[in-house]
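Any value given below was found using the heavy atoms of this structure, including those in side chains, with hydrogens, waters and symmetry copies removed.
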Amino acid sequence: MSMLKCFPQGLAMPAQAHPTWCRSRAAARAGRWACKVTATANFEDTVTGMPAQEQAEAEVVRSLGLSGWVEEQLLPLLTPVDDAWQPSDLLPCFSLSAAGLSAEQQPSMMMTTEELQAQASGVPDDVLVCLVGNMVTEEALPTYMCMGNRVAGYRDDTGCSDLPWARWIRGWTAEENRHGDLLNRYLYLSGRVDMRQVERTVHHLLRNGMQMLRPSSPYHNAIYGSFQERATFISHAHTAKQAARHGDRCLAKICGVVAADEKRHETAYTKVAAKVFELDPDGMVQALAAVLRDKITMPGQLMTDGRDADLFEHFSAVAQRTGVYTARDYGDMVEHFVRRWKVADLGGGQLSGEGRRAQEYVCGLPRKIRRVEELAHDRVIKAAKEPEFARFSWVFDRPVCIRSLI
């Protein structure tokens with residue numbers, strides 16, 4: 001709507017001077033105050049009946065929102081909408097031709113569909129499988145937002161709450177939404193995959209949901225979010241390198257910008273976890289140990305195309321073999337967060353007996369993960385008589401190597 005509204009005499013007045021604008025501003029202020037009151041009541045209703053530990057966790061993360069920490073430390077990590085890339089910035093734009101612009105008038109960075117397909121033609125099936133698996137995981141975003149809104153202490157109780165945690169959840173969702181859109185459109189335009197089977201896989205995953213050890217725990221959520229954002233950053237970054245290696249500059253750029261977003265989101269969740277470690281080191285180290293004992297499961301674990309009951313296992317095996325995401329990456333990730341959150345530096349006075357045992361377990365885990373990886377690799381080498389393949393409906397049922405002899 002224009003910032004000017006017309007008087008009956010035909011003169012123009014600023015919208016800020018209009019009585020209805022003043023009333024709407026007053027209503028907005030009253031709405032924000034009511035929102036905070038409602039949020040407090042909803043929070044009290046939410047934590048009633050929860051285990052004492054989860055109530056304490058909810059109070060800690062809620063205090064981060066009330067104190068201004070979320071406003072100052074998290075919300076600035078969201079890119080303003082006007083400055084954010086959009087999927088159409090990175091793909092052929094049909095509207096330019098429709099608008100009657102000549103090739104000389106179109107922006108120089110725009111490529112044609114033919115150019116995109118020519119570059120995509122050199123991407124091998126195993127990289128396509130990794131790309132599709134990543135895209136399917138991104139497209140299950142509605143599940144992740146639902147899971148975020150189950151977390152006590154920072155859920156969006158109204159759907160449009162002005163509270164900092166609620167604004168973070170919606171802003172994060174809005175940024176993540178572009179990832180699936182972009183990868184989906186690239187795959188469709190490339191002509192390299194069976195889009196109906198890909199779409200069926202997304203449909204199945206959204207119906208199946210995802211698993212977490214304690215989905216309502218804010219401590220578990222901050223830890224899980226940190227690991228997941230770093231894992232997706234690694235996976236997209238490695239896919240970008242594979243695409244560049246096979247001559248697809250468009251896909252390399254696409255995966256690169258998605259990876260950059262994931263890195264920024266990793267920074268956010270890592271900061272939340274680090275702050276909670278400061279406020280409640282004993283509770284947080286126990287939560288970290290519990291999450292790691294349960295293993296960090298990928299959100300796409302329940303994916304299926306309706307044919308392959310072991311689709312996620314096969315996709316993970318291809319990612320491992322191609323180096324897109326490996327067991328070594330997981331071990332490095334555990335070591336990274338143990339160091340980033342200074343888990344080994346937690347003093348005995350900060351931890352209970354259970355907390356000290358959790359600290360010992362967590363600090364020794366990276367070494368154990370690497371040892372297990374080495375033993376598993378040796379077993380595969382000894383047991384393998386020939387390369388193992390699996391057929392993927394995503395690439396028209398062509399066989400893709402999931403385990404090689406070396």
Side-chain angles (χ1 to χ4, degrees), residues 79 81-99 101-141 174-199 201-202 229 231-265 300 315 318-319 321-325 392 394-396 398 400:
T79 303
V81 176
D82 289 344
D83 298 332
W85 61 265
Q86 299 299 335
S88 58
D89 298 332
L90 299 156
L91 294 167
C93 182
F94 300 103
S95 60
L96 292 173
S97 300
L101 298 179
S102 66
E104 292 75 20
Q105 293 173 308
Q106 295 178 15
S108 59
M109 74 286 291
M110 289 293 181
M111 67 162 50
T112 65
T113 303
E114 290 76 13
E115 290 170 331
L116 183 149
Q117 291 178 343
Q119 291 187 23
S121 65
V123 178
D125 282 347
D126 51 8
V127 176
L128 287 174
V129 164
C130 293
L131 179 64
V132 171
N134 288 344
M135 184 278 276
V136 169
T137 303
E138 295 283 359
E139 288 281 57
L141 180 62
E175 293 192 350
E176 289 280 338
N177 185 62
R178 300 168 304 155
H179 301 171
D181 285 352
L182 175 58
L183 297 173
N184 193 320
R185 291 179 202 174
Y186 166 85
L187 287 167
Y188 178 81
L189 291 172
S190 75
R192 293 294 314 282
V193 300
D194 185 336
M195 284 306 298
R196 179 166 175 76
Q197 284 304 116
V198 172
E199 291 159 354
T201 307
V202 173
E229 296 291 0
T232 50
F233 157 69
I234 291 169
S235 185
H236 287 301
H238 287 173
T239 305
K241 291 178 182 178
Q242 292 276 2
R245 180 177 153 212
H246 293 288
D248 192 337
R249 297 185 305 278
C250 177
L251 179 57
K253 185 174 182 180
I254 285 171
C255 292
V257 298
V258 173
D261 269 7
E262 303 292 9
K263 185 64 176 174
R264 186 160 40 83
H265 296 163
F315 154 59
V318 175
R321 187 184 63 77
T322 57
V324 166
Y325 184 76
F392 284 84
W394 301 338
V395 289
F396 304 98
R398 290 192 294 267
V400 177

Is the backbone of Gly323 close enough, under 3.5 Å, to the side chain of His238 for a donor and an acceptor to pair up by distance? yes

Shortest non-hydrogen separation from Cys250 to Leu90 and the atoms involved: SG-O, 3.9 Å

With sequence neighbours left out, the residues meeting side chain to side chain contact (heavy atoms under 4.5 Å, CB included) with Ala84 are Thr79, Gln86, Arg178

Nearest heavy-atom contact between Gly256 and Ala240 is N-CB, 4.0 Å

Walk me through whether Thr201 and Phe315 qualify under side chain to side chain contact (heavy atoms under 4.5 Å, CB included). CA-CA 12 Å; Thr201 307; Phe315 154 59; over 6 Å; no

Measure across Leu182 and Pro87 and return the closest heavy-atom pair with its distance rounded to 0.1 Å. CD1-O, 3.8 Å

Would you call the rings of His236 and His179 parallel, tilted or perpendicular, taking 30° and 60° as the class edges? perpendicular

side-chain hydrogen bond (donor to acceptor under 3.5 Å, both in side chains) involving Glu175 - partner list, sequence neighbours excluded: Arg264, His265

How long is the straight-line distance from CD of Gln242 back to CG of Leu251, given to the nearest 0.5 Å? 10.5 Å

Euclidean distance, Asp89 CG relative to Ile254 CD1, rounded to 0.5 Å: 11.0 Å

Output the distance between atom OG1 (Thr232) and atom CG (Asn134), rounded to the nearest 0.5 Å. 8.5 Å

Kindly write out the residues that satisfy ring-ring contact (aromatic ring centres under 6.0 Å, His included) with Tyr325, not counting sequence neighbours, or none if the list is empty. none

Using the test side-chain hydrogen bond (donor to acceptor under 3.5 Å, both in side chains), find all partners of Lys241 that sit at least two apart in sequence or belong to another chain. none

In chain order, what residues pass the side-chain hydrogen bond (donor to acceptor under 3.5 Å, both in side chains) check against Thr137, with sequence neighbours excluded? none

For the OH atom on Tyr188, are there more than 12 heavy atoms of other groups (residues, nucleotides or ligands in this structure) within a distance under 6.0 Å? no

Taking all heavy atoms of Ala259 and all of Ala237, pick out the closest pair and write down the distance. CB-N, 3.8 Å

Donor-acceptor contact present, side-chain Ser235 to main-chain Ala231, <3.5 Å: no

Gln119 side chain reached by His246 side chain, heavy atoms, under 4.5 Å: no

Using the side-chain contact (heavy atoms from CB on, under 4.5 Å) rule, pick out the option among Leu131, Leu128, Val198, Asp194 that qualifies with Trp394. Val198

Salt bridge (charged side-chain N to carboxylate O under 4.0 Å, His left out) contacts in which one or both residues fall within residues 114-131, not counting sequence neighbours: Asp125-Arg192, Asp125-Arg398, Asp126-Arg321

Would a distance-only check, ignoring hydrogens and angles, find a side-chain to backbone donor-acceptor pair under 3.5 Å from Gln117 to Leu189? yes

OG1 of Thr239 to CE of Met135, rounded to nearest 0.5 Å, is 13.0 Å

Suppose we screen for side-chain hydrogen bond (donor to acceptor under 3.5 Å, both in side chains). Which residues come up paired with Asn184, at least two apart in sequence or across chains? Glu139

